[in-house]
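Worksheet: one structure, shown below.
Chain identifiers are assigned alphabetically (A, B, ...) following the order of the sequence lines, protein sequences preceding nucleic acid strands; residue numbering begins at 1 within each chain.
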Protein chains: 2
Amino acid sequence: MKLPGKTVERLSEYRRTLMGCLGEKKNFIFSHDLAARLHITAVQVRRDLMLIGYSSVQRKGYDVKELIEKIGTVIDSDDSMNVAIIGIGNLGRAVAGYFKGKRSKLNLVASFDTDPQKINKVISGVKCYPHNDMEKIMKDLNIRIAIITVPPDYAKDIAEEAVRFGVKGILNFTTIPLNVPSWVFLEEYDMITSIEKVAFFVKENMI
Amino acid sequence: MKLPGKTVERLSEYRRTLMGCLGEKKNFIFSHDLAARLHITAVQVRRDLMLIGYSSVQRKGYDVKELIEKIGTVIDSDDSMNVAIIGIGNLGRAVAGYFKGKRSKLNLVASFDTDPQKINKVISGVKCYPHNDMEKIMKDLNIRIAIITVPPDYAKDIAEEAVRFGVKGILNFTTIPLNVPSWVFLEEYDMITSIEKVAFFVKENMI
DNA sequence: GTGGTATTGTTAATTAATTAACATTGGTGT
DNA sequence: ACACCAATGTTAATTAATTAACAATACCAC
Ligand SMILES: NC(=O)c1ccc[n+]([C@@H]2O[C@H](COP(=O)([O-])OP(=O)(O)OC[C@H]3O[C@@H](n4cnc5c(N)ncnc54)[C@H](O)[C@@H]3O)[C@@H](O)[C@H]2O)c1
Ligand SMILES: NC(=O)c1ccc[n+]([C@@H]2O[C@H](COP(=O)([O-])OP(=O)(O)OC[C@H]3O[C@@H](n4cnc5c(N)ncnc54)[C@H](O)[C@@H]3O)[C@@H](O)[C@H]2O)c1
């Protein structure tokens with residue numbers, strides 16, 4: 001199914017919000033309620049759901065459980081997809097921590113590092129392999145997604161290796177942008193940008 | 001100066017890229033070169049720079065040092081702005097680590113936590129204060145920006161406190177969206193969204 | 001010097017994303 | 001039963017963001 005990236009992002013957010021609803025025993029939710037929780041408009045929610053072809057039980061709002069499943073059929077892969085974190089430092093551990101105990105189609109199956117203190121240990125719930133074994137492990141475990149959290153200087157090489165070893169998607173948290181072949185999906189996020197953006201608008205608001 | 005958020009983000013990225021150029025003794029750069037490093041188009045670069053009123057020395061490209069300064073006058077505050085991290089766990093430490101040793105208008109001056117193991121220690125280069133002292137410290141140190149990295153359940157309360165204690169901008173890394181008064185600038189980032197987005201496009205590319 | 005060229009700044013056009021508008025629907029209260 | 005209402009799905013309009021187009025400019029080679 002062809003969807004704008006922005007819509008995919010929101011679908012992911014909808015699902016997480018909906019899971020929260022289940023927790024609070026809320027089994028139906030209106031578009032404007034879901035929208036308010038995410039600081040967006042109800043129209044946007046309805047439009048996104050239209051795109052994935054979901055229809056509600058009229059007048060009762062969306063069936064939370066059903067919608068969670070529907071979103072799953074759209075954004076999740078059919079069978080599970082294996083993920084690795086490269087560089088299990090502070091950021092890497094934070095990301096790993098998120099996966100711990102979660103059941104989803106995304107499985108964090110390995111991390112890689114060069115630090116002898118870390119390799120061959122289980123860190124934040126995932127085994128850390130030596131960087132030297134990346135080729136073997138990535139191929140053996142059929143890793144499709146790499147999350148890169150090594151120091152910036154190593155990022156370029158790591159990304160090239162990951163691609164060479166079969167990775168099809170990269171999430172780069174490093175401060176330097178990467179180049180990958182067109183068949184590899186690359187998403188980059190640099191927190192510094194966010195911090196500076198906040199600072200800018202705080203400054204502007206104060207003037 | 002009124003600028004679109006997207007442009008502000010890119011300006012921050014331009015500056016970081018330009019600093020990298022200085023490192024490699026590159027004192028002039030063409031729009032298309034800068035663009036290529038960030039996976040965007042040259043037109044976009046030129047357009048952004050037009051918005052901030054920067055002009056190059058024709059035919060030689062942009063003067064790197066000069067442009068860095070120009071961007072600074074636009075996006076930085078005149079005097080420095082104080083920042084705190086709330087919740088100095090894995091993610092909090094990762095963010096703190098970034099500030100360490102950096103000289104900029106943004107000063108990380110405090111972190112807060114509830115964990116007795118952490119409070120009153122210096123962690124990742126910043127002193128950790130007990131959560132109970134937040135009011136006093138935030139007011140004393142004139143903290144304007146809070147980066148929230150506490151466990152999700154606490155995020156709402158923490159944000160309310162931060163606002164009450166004078167914070168004007170919040171960067172929320174928690175999985176749950178926050179609500180803040182209109183005069184507080186809120187930026188939210190949820191890595192799970194990015195991960196799921198990558199997974200989606202990897203799946204689509206494989207079909 | 002002059003012609004050719006690469007690069008810029010800027011306006012106009014295009015494309016993407018969001019929002020508004022509204023007919024439709026099924027439940028609710030009387 | 002029937003009128004009303006609240007909420008949806010969808011098309012159309014609006015707004016935001018990006019890209020294309022191109023005249024202007026300064027350098028370089030000759
Ligand atoms: N780790 C990820 O990849 C990831 C992804 C998305 C969101 N997040 C979110 O980021 C946040 C932090 O993640 P983490 O991995 O660093 O968790 P963590 O448990 O390592 O750190 C949380 C820290 O907050 C402190 N804390 C708890 N209550 C507090 C309070 N009331 N005031 C001040 N400090 C308090 C804890 O003592 C701890 O040090 C969580 O909300 C998590 O959901 C993390
Ligand atoms: N901390 C932040 O807020 C922040 C912000 C923006 C970007 N980043 C980027 O995130 C990355 C990680 O940050 P961090 O704070 O977790 O750093 P960190 O130093 O804590 O972790 C880096 C880890 O990578 C490992 N490593 C080094 N070389 C490696 C290699 N060749 N192969 C595998 N592993 C290797 C190190 O042993 C270490 O465990 C850095 O690139 C940093 O610039 C961080």
Nearest-neighbour nucleotide for the B/Arg10 side chain, C/dG9, D/dT18, D/dT19 considered: D/dT18

Backbone of B/Asp76 reached by a side-chain donor or acceptor of A/Lys203 within 3.5 Å: yes

Please state how far atom NZ in B/Lys2 lies from atom P in D/dA17, giving the value in whole angstrom units. 10 Å

OH/A/Tyr154: more than 12 non-hydrogen atoms of other groups inside 6.0 Å: no

A/Gln44 side chain: which of C/dA17, C/dT18, D/dT18 is closest? C/dT18

In whole Å, what is the span from the CD atom of A/Glu9 to the P atom of C/dA16? 16 Å

Has A/Ser56 got a side-chain N or O lying under 4.0 Å from the OP1 or OP2 atom of D/dG9? yes

Between atom CG in A/Asp48 and atom P in C/dT18, what is the gap in whole Å? 8 Å

To the nearest Å, give me how far apart CZ (B/Phe28) and P (D/dC27) are. 11 Å

Expressed in angstrom and rounded to an integer, what is the separation of A/Met50 atom CE from C/dT19 atom P? 16 Å

With heavy atoms under 4.0 Å as the rule, sort A/Thr7 into base, sugar-phosphate or nothing. nothing

Of B/Arg46 and A/Ser55, the one whose closest nucleotide on DNA chain D sits nearer the 5' end is A/Ser55

Report the distance from atom CG of A/Leu3 to atom P of C/dT18, rounded to the nearest whole Å. 13 Å

Looking just at side-chain N and O atoms, do B/Thr175 and B/Asp190 make a donor-acceptor pair shorter than 3.5 Å? no

For the backbone of A/Gln44 and the side chain of A/Thr41, can you confirm whether one donor and one acceptor N or O come within less than 3.5 Å of each other? yes

Does a side-chain N or O of B/Ser31 approach OP1 or OP2 of C/dT7 to a distance below 4.0 Å, or not? no

Under a 4.5 Å cut-off applied to non-hydrogen side-chain atoms, are A/Met138 and A/Ile86 in contact? yes

Any N or O donor-acceptor pair linking the side chain of A/Arg47 to the base of D/dT10 at under 3.5 Å? no

Write down the distance between CG (A/Asp33) and C1' (D/dT8), rounded to a whole number of angstrom. 15 Å

Residue mapping more 5' on DNA chain C - nearest nucleotide basis, B/Val43 or B/His32: B/His32

Would you indicate what B/Tyr62 reaches in the nucleic acid, counting non-hydrogen atoms under 4.0 angstrom: base, sugar-phosphate, or nothing? sugar-phosphate

Output the rounded distance in Å from CD1 (A/Ile52) to P (D/dG9). 11 Å

